[in-house]
Protein chains: 2
Amino acid sequence: MSDKEGVSISVSVAEDREMIGEVTRRTGVFDETECKTVFELFDTFIKDPAYGYFFLSAYWNGALAGYACFGPTALTEGAFDFYWLSTDPSVQRKGIGQALCLAVMEEARKRNGRLIVIWTSSTPGYEPATKLYVKLGYEPSGRIRDFYKPGDDLLVFVKYL
Amino acid sequence: MSDKEGVSISVSVAEDREMIGEVTRRTGVFDETECKTVFELFDTFIKDPAYGYFFLSAYWNGALAGYACFGPTALTEGAFDFYWLSTDPSVQRKGIGQALCLAVMEEARKRNGRLIVIWTSSTPGYEPATKLYVKLGYEPSGRIRDFYKPGDDLLVFVKYL
C-alpha cells in the first residue's frame, strides 16, 4: 500500500493478532483495559471488515512493527475516527508512525473521507504521537480537562482531507 | 426522581418505546438514521441496563413529553456522555428539557461521574438545546468544522460535577 524507508504498510490480517497485542503492550502507554479494547476492535475487524473498524499493519524487515485502527464516524457524512496508533518502541524513529498516518489518510480519502478526527490523551506517553499529528497538519480542535481521569485531558486533533 | 412544575422524571420503561420514537420524530431535528439509532440505544438499554446506555423519561400530565439518554464514557474514569435529549415540541417551554438535564447530572453524580460531555450539532434545530446547556453551566470545549457534513459543525460542551 505504501513504502517509506523500508517500511511496508498493508491491510492487517488475522495472523497479525498476537504481534498487535505485543506491540500495544510494548508501547508502555496502554493499560490492560486498553490492550483488551484493541483486541476487541481487531477481532471485530477480522470477523466483519464492513462493521466500521479498519486495521493497517506496518512491517519493518518483515516483522510487524506498528498498526493503526480507524473507521467512519457514525452519524456523519465523511468524518473518520482515528482510533489507535501504536509502534514498537524498539523500531521507533524509522518513520513507521508517519507511514501509518499517511496510509490512514489515503484510505480515508478512498472512502470519501472529508476529515479525520483523533481523540487522544494529554499525558506524556502520547506526546510523540501528538507531535507527529501536528507535523502532518492535524489542527488542535478541542481540549477536555480531566476527561480520562483527573490530570489526564482529552485532546482533539482534526485533519481535513 | 424529580418534580418541577408538573414535570415528573423517571427511569424509562419498555412501554415508553413508541412515544420515545414519536417524540424524536416530532422534534423535526433528527433524520431517519438518527431516529433508528435512538431505538437501537433504547432497545439495548431495555435488554441490558448495565450495557452503558441509560434512559430517563419526562412525563407531562402523565404523557411522555421527552427523554434523555446518557452513559459512562468507555476508557474513562468518571466521564459521562450525554447522548440524546428530545422534548415534544407541543409541550416545550415547560421546563422539561431542563428537568431532564438536571436529572442526568444527578444520575451521573450517583454513579461517581466527574463530568458530562455533550457532542452536538451547530445547526439551528439544536440551538434551543445548546442555549439550555450553557444556561446550566456547560462550557464550550471544542468545535470541529464540517464534522457531521459540510456546514454542520460538531460542538462540544462540558459540565464538571
Side-chain angles (χ1 to χ4, degrees), chain A residues 24 29-41 44 51-53 69 72-84 108 112-123 126 138-161, chain B residues 24 29-41 44 51-53 69 72-84 108 112-123 126 138-161:
Chain A
T24 309
V29 176
F30 304 115
D31 65 24
E32 208 181 311
T33 310
E34 290 167 323
C35 291
K36 223 181 110 193
T37 301
V38 171
F39 277 138
E40 282 170 11
L41 301 179
T44 302
Y51 184 83
Y53 302 124
C69 173
T73 311
L75 304 180
T76 72
E77 295 174 9
F80 277 74
D81 277 314
F82 193 164
Y83 295 110
W84 228 276
N112 298 316
R114 294 180 299 104
L115 68 159
I116 300 176
V117 184
I118 296 174
W119 319 88
T120 192
S121 159
S122 65
T123 51
Y126 290 84
Y138 277 83
E139 305 163 22
S141 302
R143 180 176 200 123
I144 301 180
R145 182 170 43 83
D146 300 331
F147 178 77
Y148 293 106
K149 54 182 179 235
D152 189 350
D153 302 352
L154 167 74
L155 301 180
V156 184
F157 292 92
V158 179
K159 171 80 183 175
Y160 293 92
L161 301 172
Chain B
T24 309
V29 175
F30 304 114
D31 65 24
E32 210 180 311
T33 311
E34 290 167 323
C35 291
K36 222 181 110 192
T37 301
V38 171
F39 276 138
E40 281 170 14
L41 302 179
T44 302
Y51 184 84
Y53 302 124
C69 172
T73 311
L75 304 179
T76 72
E77 294 174 9
F80 277 74
D81 277 313
F82 192 164
Y83 296 109
W84 228 277
N112 298 314
R114 295 180 299 103
L115 68 158
I116 301 176
V117 185
I118 296 174
W119 320 87
T120 192
S121 160
S122 65
T123 51
Y126 290 84
Y138 277 84
E139 303 165 23
S141 301
R143 179 176 201 124
I144 301 181
R145 182 171 41 84
D146 301 331
F147 178 76
Y148 294 105
K149 56 183 179 237
D152 189 350
D153 302 353
L154 168 74
L155 302 179
V156 184
F157 292 92
V158 178
K159 171 79 185 177
Y160 293 93
L161 299 173

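Letters go in sequence order (proteins before strands), and every chain restarts at 1.
Residues meeting the ring pair (Phe, Tyr, Trp, His ring centres under 6.0 Å) test with A:Tyr138, sequence neighbours left out: A:Tyr133. For A:Tyr148, there are no ring pair (Phe, Tyr, Trp, His ring centres under 6.0 Å) partners two or more places apart in sequence or in a different chain. In this structure, the ring pair (Phe, Tyr, Trp, His ring centres under 6.0 Å) partners of A:Tyr51, at least two apart in sequence or on a different chain, are A:Tyr53.
The 12-atom threshold is not exceeded at CD of A:Glu32, counting heavy atoms of other residues, nucleotides or ligands nearer than 6.0 Å.
A:Leu115 touches chain B through its side chain: at least one heavy atom from C-beta onward sits under 4.5 Å away, while N, CA, C and O do not. Neither the backbone nor the side chain of B:Asp31 comes within less than 4.5 Å of any heavy atom in chain A. With a 4.5 angstrom heavy-atom cutoff, A:Arg114 touches chain B only via side-chain atoms.
Against chain A, the residues from residues 149-161 of chain B that qualify, each with a non-hydrogen atom under 4.5 angstrom away, are B:Lys149, B:Pro150, B:Leu154, B:Val156, B:Val158, B:Tyr160 in number order.
Distance CZ/A:Phe147 to CG/B:Leu75: 9.0 Å, rounded to 0.5 Å.
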